[in-house]
Chemist: 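Got a structure for you, questions after.
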Amino acid sequence: MRSLHAKRIITIFLLFFFIVPFQVITQVSAKTPVEAFARMPKFANLVVSPDGKYFAAKMELGGIYTVTIFEIQGNELKLTYQARTEDEVGVRWIDWASPTRLLVSLGKAYRRSGTPVTETRLLAINFDGSKPMNMMKRRRSKSGYGGQSFIQIQDRVLDFLPNDPEYVLMAYNEDNIRKPRAYRVNIHNARDSVVQAGRDDVWSWGTDRQGNVRYGYGTKDENWHYMVRDVDNKNWRSLVTGRLGSGKEFTIMGFTNDPNVMVVRSNHENGKNAIYEYDLRVNSFTRKIYGRSDVDVNGVLWNKKNWTVRRVWYILDGVQYKWFDPVGEATYRTIQKSLPGYNIGISDTDANDNVWIVHAGKEYAHGAYFIYDRLKKSIRALPSDYPELDGVRLSKMIRIDYKARDGLTIPAYVSLPNGMTSLAQAKNLPFVIMPHGGPTSRDFLSFDPYVQLFTDRGYGVLQMNFRGSSGYGGAFEEAGNGEWGGKMQDDVTDGVNHIIAKGIANRNRICIVGGSYGGYAALMGAVKTPDLYACAVGFNGVYDLRKMIKDTLYYIDNGSRDYWETKIGGSLSDSAYLDSISPIKRTNEIRIPILVAASDDDRVVRSSQTESMASAMKRSGVTYKHLEMEDGGHSLRTTKSRLAFMKELDSFLAQHLR
């Protein structure tokens, strides 16, 4: 694996940022260039040092993310370091291990013994780029790779140990990747010591606020479970268990300052995820922090000073917050007043809660990051996420619901061509149908460059949260089990028929487009309902379900095979059933033009899925195009890969939705 090529910035210069209206709306007559939508957002993963003196970010430069560090000096920001990786090496995440030392996770597609895998490395660097170091050295191994070898996954940090800034806790095991140990690792010399031995039934560890390993998560057969260790006991005991894919939820979000009290997410009361305190002394939920009857509560934001829950967040149509910290809420409201009309998300705060990094955007438009100084009550803006879209009219998402054929209500969103503001204006439009990936994720009001590209070209867009989507409770999610190609696909079809019946969509000018599971749904739509679509597009999609389940045998036994067999509804022994719901086995039923695209370094869904699908369509005489992209990964993480796909997609839709 190639290392990070660090390039010290010799000339230190100052960047001045002022609050500017980054989303001025103007009407444009010409189409916006594809490049404006394909670029990576300018910043991601912004983190501030514990003392509030520095902030670091993944900053786009030349189409990929660099590691960039700034020093905060009053109203000025001084660039102290910037480093660029090779195109095939991605920056996964960054975070501060101490006030002056940053950890950088890198990933690259690789092969071990012929098996496609992702390799990760973890680097430590000072705020100015000095003293770079790999956090894990080449180690003597018993794992069969011979002699000394590199451990495959090296970036699993369990705890940044804020009270012990010279060390972090990490998880790895050079002898058995399936039994990770917990190590205390020095961030300056990488010397380590074992603090928790590996167990056959645990593949992920967690800590309390005192830095002690207190719980582990693992899977066995078709079940998942949590193990815990009481404060005064070295013995481990089972805490809770559930069947993979069953819809039962119990997730440890972290400990409070009390080493006996955890904050957990659970849906044991009404099937919707809520946030609770759980006391290990009595093995029971002791306080409900917040829950709702309509949607899941997704997560928590912690107060770093006392490790209480600062706020929780959930999604109705957009992201919503419930505050419990009056001081934090007052700061948040002050920021809101400085940026009226925008939704404010908190990216990070320093340990003393004086420096806040926030993101401001609208429910359908791109935004920008801001740095707020609570003591000085000053705020400064960073460049917007998509500078080329500043001043471009963007379309608004409109919530609609429709009934599936069995009566289930399906939440959905329609985006209309630029300039249209209501469904009353939409008549007989060409449409793009966009089922999301996952499939256990969901769509909501947010900026999506693909949606905005489509609406810029004059197409409407329909996105639906079919059964099996997350966010609406365990029963709704579990209703998708065993329904790949079945009721989940019918939910998509019923949404298309709904907008046709309403007169919004032109039934002869509809294309279905999706990635990952969405790619599966797009190609399955072409198989099951070819008369409904003028074309179909899948990128990094799953088309051979038997092969997908078989591929899980080559990876760490973390329950993925049992999980996917539950979700899809068939095991490897059910080959006839899996083939019946695999687009690759039914290409003779496709009668519309198809575009399939894949990244050759995708390690979530192998690119061979797309290659085999293209070959099967060729044998069946299907009209198709096959696009291969380099260095994009599953999510197309480079501007180069996004631009290649978006240009081909733009041309394909223009040809078939005329």
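The first residue in the sequence is number 1, and the count goes up from there.
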Chemist: Is atom NZ of K322 surrounded by more than 12 heavy atoms (other residues, nucleotides or ligands) closer than 6.0 Å?
Modeler: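 Incorrect, the count does not exceed 12.
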
Chemist: Please confirm whether K362 makes a cation-pi placement over Y342, using NZ or CZ under 6.0 Å from the six-membered ring centre and within 45° of the ring normal.
Modeler: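 Yes; both conditions hold, so K362 lies above the ring face of Y342.
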
Chemist: Would you please test T349 and N303 for side-chain contact (heavy atoms from CB on, under 4.5 Å) and show each step?
Modeler: CA-CA 9 Å; T349 64; N303 186 320; over 6 Å; no

Chemist: Does I357 reach the side chain of Y369, with side-chain heavy atoms less than 4.5 Å apart?
Modeler: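 In short, these two side chains touch, coming nearer than 4.5 Å.
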
Chemist: Are the side chain of R642 and the backbone of M40 linked by a donor-acceptor contact shorter than 3.5 Å?
Modeler: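 No; zero donor-acceptor contacts below 3.5 Å.
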
Chemist: Below 4.5 Å, heavy atoms only, C-beta onward: do M434 and V451 meet side chain to side chain?
Modeler: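 They are in side-chain contact.
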
Chemist: Is the side chain of D385 donor-acceptor paired with the backbone N or O of P41 at a distance under 3.5 Å, no angle test?
Modeler: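 No; zero donor-acceptor contacts below 3.5 Å.
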
Chemist: Given ring-ring contact (aromatic ring centres under 6.0 Å, His included), test F454 with F37 step by step and report yes or no.
Modeler: CA-CA 10 Å; F454 299 149; F37 303 98; 9.4 Å; no

Chemist: Does R507 have more than 12 heavy atoms from other residues, nucleotides or ligands lying within 6.0 Å of its CZ?
Modeler: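 Atom CZ in R507 is not packed in, count stays at 12 or less.
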
Chemist: Between Q82 (side chain) and V67 (backbone), is there a donor-acceptor pair under 3.5 Å?
Modeler: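 No: the side chain of Q82 does not pair with the backbone of V67.
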
Chemist: Would a distance-only check, ignoring hydrogens and angles, find a side-chain to backbone donor-acceptor pair under 3.5 Å from Y520 to G485?
Modeler: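 Between the backbone of G485 and the side chain of Y520 there is a qualifying donor-acceptor contact (under 3.5 Å).
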
Chemist: Looking only at atom types and distance, does a side-chain atom of N540 sit under 3.5 Å from a main-chain N or O of G515, one as donor and one as acceptor?
Modeler: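 Side chain of N540 to backbone of G515: no pair is present.
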
Chemist: Without swapping roles, check the side chain of S651 against the backbone of K647 for a donor-acceptor pair under 3.5 Å.
Modeler: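 No; zero donor-acceptor contacts below 3.5 Å.
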
Chemist: Once you round to the nearest 0.5 Å, how far does CG of L636 lie from CG of D631?
Modeler: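 Answer for the CG-CG pair, L636 versus D631, is 11.5 Å.
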
Chemist: With a sphere of 6.0 Å drawn around NZ of K640, does it hold more than 12 non-hydrogen atoms of other residues, nucleotides or ligands?
Modeler: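 Counting other residues, nucleotides and ligands, NZ of K640 stays at 12 neighbours or fewer.
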
Chemist: How are the rings of F645 and F539 set to each other: parallel, tilted or perpendicular (split at 30° and 60°)?
Modeler: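 Judged by the thresholds at 30° and 60°, the geometry between F645 and F539 is tilted.
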
Chemist: Is the shortest side-chain N to carboxylate O distance from D601 to R603 below 4.0 Å?
Modeler: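 Looking at D601 and R603, the cut-off is not met.
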
Chemist: When you look at NZ of K42, are more than 12 heavy atoms from neighbouring residues, nucleotides or ligands closer to it than 6.0 Å?
Modeler: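 Yes, NZ of K42 has more than 12 neighbouring heavy atoms, counting only those of other groups under 6.0 Å.
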
Chemist: Would you say L46 and F55 make side-chain contact, with heavy atoms under 4.5 Å?
Modeler: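 They are in contact (side-chain heavy atoms under 4.5 Å apart), so the answer is yes.
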
Chemist: Does a salt bridge link E329 with R333, judged by any charged N lying under 4.0 Å from a carboxylate O?
Modeler: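 Here E329 pairs with R333 in a salt bridge, since their nearest N and O are under 4.0 Å apart.
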
Chemist: Looking only at atom types and distance, does a side-chain atom of E60 sit under 3.5 Å from a main-chain N or O of G63, one as donor and one as acceptor?
Modeler: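 Yes, the answer is positive, given that a donor and an acceptor are paired below the 3.5 Å cut-off.
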
Chemist: Passes side chain to side chain donor-acceptor pair (under 3.5 Å), S599 versus E630? Steps please.
Modeler: CA-CA 6 Å; S599 304; E630 296 180 351; over 6 Å; no

Chemist: Indicate, with yes or no, if the rings of H359 and F43 have centres closer together than 6.0 Å.
Modeler: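 Here the rings of F43 and H359 have centres that are no less than 6.0 Å from each other.
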
Chemist: If we check side-chain contact (heavy atoms from CB on, under 4.5 Å) with L657, which of these qualifies: F431, F652, Y459?
Modeler: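 That would be Y459; it is the only one of F431, F652, Y459 passing the side-chain contact (heavy atoms from CB on, under 4.5 Å) with L657.
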
Chemist: If we ignore angles and hydrogens, is there a donor and acceptor under 3.5 Å between the side chains of D602 and S607?
Modeler: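 The answer is no; no qualifying pair exists.
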
Chemist: With sequence neighbours left out, write down each residue that passes side chain to side chain contact (heavy atoms under 4.5 Å, CB included) with S446, or none if nothing qualifies.
Modeler: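 Once residues adjacent in sequence are excluded, the partners of S446 under the side chain to side chain contact (heavy atoms under 4.5 Å, CB included) criterion are F444.
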
Chemist: If only atom types and distance count, is the side chain of N267 paired as donor or acceptor with the main-chain N or O of E249 below 3.5 Å?
Modeler: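 Yes: the side chain of N267 pairs with the backbone of E249.
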
Chemist: Is it true that a side-chain atom of N418 and a backbone atom of R393 form a donor plus acceptor pair closer than 3.5 Å?
Modeler: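 Yes: the side chain of N418 pairs with the backbone of R393.
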
Chemist: Any side-chain heavy atom of V596 sitting closer than 4.5 Å to one from Y543?
Modeler: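 Answer yes - side chains close enough.
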
Chemist: Taking the side chain as C-beta and beyond, is there a heavy-atom pair between R311 and Y332 under 4.5 Å?
Modeler: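 Sidechains of Y332 and R311: in contact.
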
Chemist: Give a yes or no on this: more than 12 heavy atoms of other residues, nucleotides or ligands lie within 6.0 Å of atom NZ of K396.
Modeler: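 Counting neighbours around NZ of K396, 12 or fewer heavy atoms of other residues, nucleotides or ligands fall under 6.0 Å, so no.
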
Chemist: Take K427 and N506 through the side-chain contact (heavy atoms from CB on, under 4.5 Å) test and state the conclusion after the steps.
Modeler: CA-CA 8 Å; K427 303 295 182 185; N506 183 329; over 6 Å; no

Chemist: Check the pair V537, I594 against side-chain contact (heavy atoms from CB on, under 4.5 Å), reporting the backbone distance first and the verdict last.
Modeler: CA-CA 6 Å; V537 180; I594 304 292; over 6 Å; no

Chemist: Looking only at non-hydrogen atoms, find the nearest pair between A534 and H656 and report the distance.
Modeler: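 In this case the closest contact between A534 and H656 is CB-O, 3.7 Å.
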
Chemist: Ring centroids only, cut at 6.0 angstrom: are F70 and Y54 within range, meaning strictly under it?
Modeler: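 Not under 6.0 Å, so no.
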
Chemist: Looking at R405, is its backbone amide N or carbonyl O close enough to the side chain of D494 to form a donor-acceptor pair, meaning the two atoms are under 3.5 Å apart?
Modeler: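 Between the backbone of R405 and the side chain of D494 there is a qualifying donor-acceptor contact (under 3.5 Å).
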
Chemist: For this output row, return yes or no: ring centroids of Y517 and W484 closer than 6.0 angstrom.
Modeler: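 Yes, the ring of Y517 comes within the 6.0 Å limit of the ring of W484, centre to centre.
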
